[in-house]
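A short write-up of the structure that comes next.
Since this is a predicted model, take the numbers as computed values, not measurements. Naming convention: chains lettered A, B, ... in sequence-line order (proteins, then strands); numbering from 1 in each chain.
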Protein chains: 2
Amino acid sequence: MKISTKTQYGLKAIIYLAGNSKKGCFCSIKQIAESEGISPDYLEKIISKLEKAGILKAQKGAKGGYSLAMPAKKIKLGELVNVLEGENYFVQCLGGDKKSCSKCKGCLAQNFWQKFQEKLDNFLNSVSLEDLIKNKF
Amino acid sequence: MKISTKTQYGLKAIIYLAGNSKKGCFCSIKQIAESEGISPDYLEKIISKLEKAGILKAQKGAKGGYSLAMPAKKIKLGELVNVLEGENYFVQCLGGDKKSCSKCKGCLAQNFWQKFQEKLDNFLNSVSLEDLIKNKF
DNA sequence: ACAAAGCCGACAAATCTTGTCGGCTTTATC
DNA sequence: GATAAAGCCGACAAGATTTGTCGGCTTTGT
């Protein structure tokens with residue numbers, strides 16, 4: 001139960017983009033990776049996911065790179081976490097994915113984790129990238 | 001970023017104990033493991049941690065086993081998670097454990113994860129084992 | 001044409017979680 | 001006191017996941 005570096009890197013990347021890709025300007029992977037001290041090859045995979053999810057916008061070819069796909073105000077951190085950690089990132093029934101665990105349906109423990117996940121989601125979806133940058137959370 | 005099975009097993013175990021070890025009676029690892037479908041050897045390690053942390057009480061020898069070390073009302077779920085996932089279970093600076101990351105001090109991302117952790121802790125520490133059993137959370 | 005940069009899939013290394021095992025100690029009971 | 005049930009403990013192994021690397025392809029501005 002830790003924040004994966006994937007998600008931490010992803011957050012650092014969008015913070016960087018929020019600050020550096022103004023006015024239709026794009027930042028390259030290399031640039032972000034160097035600034036944040038991340039392996040460029042790995043960062044590419046992370047950023048690629050964010051682009052497919054519609055959070056970032058890509059510009060191919062020379063002078064290309066990435067920028068936010070929308071104003072920082074509209075990017076909720078919950079989205080970022082969902083994309084990088086997976087939809088049901090926190091709670092997962094012990095019975096496995098395919099076979100729904102009959103024992104767990106309505107069991108006390110599972111109910112609790114479910115509630116826990118909700119609390120998490122609520123918080124993450126209440127904070128936008130802009131809020132984060134302005135330290136308003 | 002998932003609840004580890006370790007923690008899930010731990011929770012199931014203390015729920016079981018809350019229901020089955022009344023009146024100075026102890027439940028053996030074997031008993032709990034069978035009831036919850038957990039590997040006894042693995043469960044032992046988990047429960048042992050909880051005992052060392054003072055959440056459970058052990059009775060050695062024949063007819064021995066475990067019981068809650070205090071009333072369910074006094075056991076906060078935050079404790080359980082802290083013990084099984086580790087103190088700083090959520091936020092961990094990218095710079096590594098030993099060398100404190102100077103880059104990260106006061107960085108936006110880190111501040112945010114810190115706040116996130118606080119929210120988590122607040123919730124987990126607001127729910128007791130008793131609350132959980134009575135579905136009051 | 002060229003070079004910069006994104007795109008993509010395969011693979012490799014490292015780490016962490018999960019689980020197993022064997023042997024020891026403690027204690028209730030006969 | 002012998003026995004068996006049960007906790008205690010450390011080492012190790014298997015499996016899963018995360019993290020990272022690489023090579024080659026495509027796209028596009030100059």
Side-chain angles (χ1 to χ4, degrees), chain A residues 1-10 12-13 17 21 24-34 36-53 55-67 69 81 83-86 88-90 92 94-97, chain B residues 1-10 12-13 17 21 24-34 36-53 55-67 69 81 83-86 88-90 92 94-97:
Chain A
M1 193 155 102
K2 282 185 199 128
I3 308 167
S4 64
T5 65
K6 183 162 55 176
T7 300
Q8 294 187 63
Y9 289 164
K12 288 194 166 208
L17 287 172
S21 70
C25 160
F26 296 92
C27 301
S28 71
I29 295 275
K30 198 180 164 190
Q31 188 182 337
I32 305 170
E34 264 171 21
E36 303 299 323
I38 309 171
S39 147
D41 284 318
Y42 190 36
L43 183 61
E44 188 205 283
K45 296 213 299 193
I46 297 165
I47 281 190
S48 175
K49 276 195 178 187
L50 295 174
E51 193 255 329
K52 274 175 194 150
I55 294 172
L56 300 181
K57 197 166 49 181
Q59 169 68 37
K60 292 183 188 177
K63 303 259 170 169
Y66 293 90
S67 70
V81 172
V83 170
L84 296 180
E85 301 283 338
N88 296 321
Y89 55 98
F90 213 84
Q92 123 228 57
L94 286 182
D97 281 346
Chain B
M1 192 156 101
K2 281 183 202 131
I3 309 166
S4 64
T5 66
K6 183 162 53 176
T7 300
Q8 293 187 64
Y9 290 163
K12 287 193 168 210
L17 287 173
S21 72
C25 160
F26 296 92
C27 301
S28 71
I29 295 274
K30 199 179 162 191
Q31 188 182 340
I32 305 170
E34 263 171 22
E36 303 299 323
I38 308 170
S39 148
D41 284 319
Y42 190 34
L43 182 61
E44 188 204 282
K45 295 213 301 193
I46 297 165
I47 282 190
S48 174
K49 277 195 176 186
L50 295 174
E51 194 255 327
K52 273 175 195 151
I55 295 173
L56 299 183
K57 198 168 49 184
Q59 169 68 37
K60 291 185 191 177
K63 302 261 173 170
Y66 294 91
S67 69
V81 172
V83 170
L84 296 179
E85 301 284 337
N88 297 320
Y89 54 98
F90 211 84
Q92 124 227 60
L94 285 181
D97 282 344

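Side-chain contact between B:Leu84 and B:Leu50 is present, with heavy atoms from C-beta onward closer than 4.5 Å. Contact check for B:Ile32 versus B:Ile47: side-chain heavy atoms found under the 4.5 Å cut-off. Between A:Glu44 and A:Pro40, every side-chain heavy-atom pair lies at or beyond the 4.5 Å cut-off.
The phosphate of C:dC7 has neither OP1 nor OP2 within less than 4.0 Å of any side-chain N or O from A:Ser48. Between B:Lys52 and D:dC9 there is a side-chain N or O to OP1 or OP2 distance below 4.0 Å. Using a 4.0 Å cut-off, no side-chain N or O of A:Tyr9 falls inside it from OP1 or OP2 of D:dT19.
Remark: C1' of C:dC16 and CD1 of B:Ile46 are 15 Å apart, rounded to the nearest angstrom. As rounded to whole Å, 15 Å separates atom P of D:dC9 from atom CG of B:Asp41. The NZ atom of B:Lys45 sits 11 Å away from the P atom of C:dT20 (whole-angstrom rounding). Atom C1' of nucleotide D:dA6 and atom CD of B:Glu44 are separated by 9 Å, given to the nearest angstrom. What separates CG of A:Leu50 from P of C:dG6 is a distance of 14 Å, to the nearest Å. Following rounding to the nearest Å, B:Lys2 (NZ) and C:dT17 (P) show an atom-to-atom distance of 12 Å. Rounded to whole Å, atom P of C:dA3 lies 20 Å from atom CD of A:Gln59. Regarding B:Glu34, its CD atom lies at a distance of 14 Å from the C1' atom of D:dA6, rounded to whole Å.
Checking C:dG19, C:dT27, D:dT28 against every side-chain atom of B:Lys60, the shortest atom distance belongs to C:dT27. The side chain of B:Thr5 has C:dG19 as its nearest neighbour among C:dA28, D:dC8, C:dG19. Closest contact between the side chain of A:Ser4 and the listed nucleotides D:dT18, C:dG6, C:dT18 involves D:dT18. Which of D:dT28, D:dT19, C:dT17 sits closest to the side chain of A:Tyr42 comes down to D:dT19.
Closest heavy-atom contact between A:Leu17 and A:Cys27: CD2-CB, 3.7 Å. The minimum heavy-atom distance linking A:Tyr66 with A:Ala58 is given by the pair CE2-CB, 3.6 Å.
In terms of position along DNA chain D, the nucleotide closest to B:Ala62 lies nearer the 5' end than the nucleotide closest to the other residue of the pair B:Ala62 and B:Ala58. Of the two residues near DNA chain C, B:Glu85 and B:Lys63, the one whose nearest nucleotide lies more 5' is B:Glu85. In terms of position on DNA chain D, the residue among A:Ile38 and A:Gly61 whose nearest nucleotide sits closer to the 5' end is A:Ile38.
Nucleic acid contact for A:Ile29: sugar-phosphate only, since backbone atoms but no base atoms lie under 4.0 Å from a heavy atom of the residue. Across all strands shown, A:Ser39 has heavy atoms under 4.0 Å from sugar-phosphate atoms exclusively, and none from any base. Within the nucleic acid shown, A:Phe26 has no heavy atom closer than 4.0 Å to any nucleic acid atom.
Between the A:Gln8 side chain and the A:Ile3 main chain, a donor and an acceptor come within less than 3.5 Å of each other.
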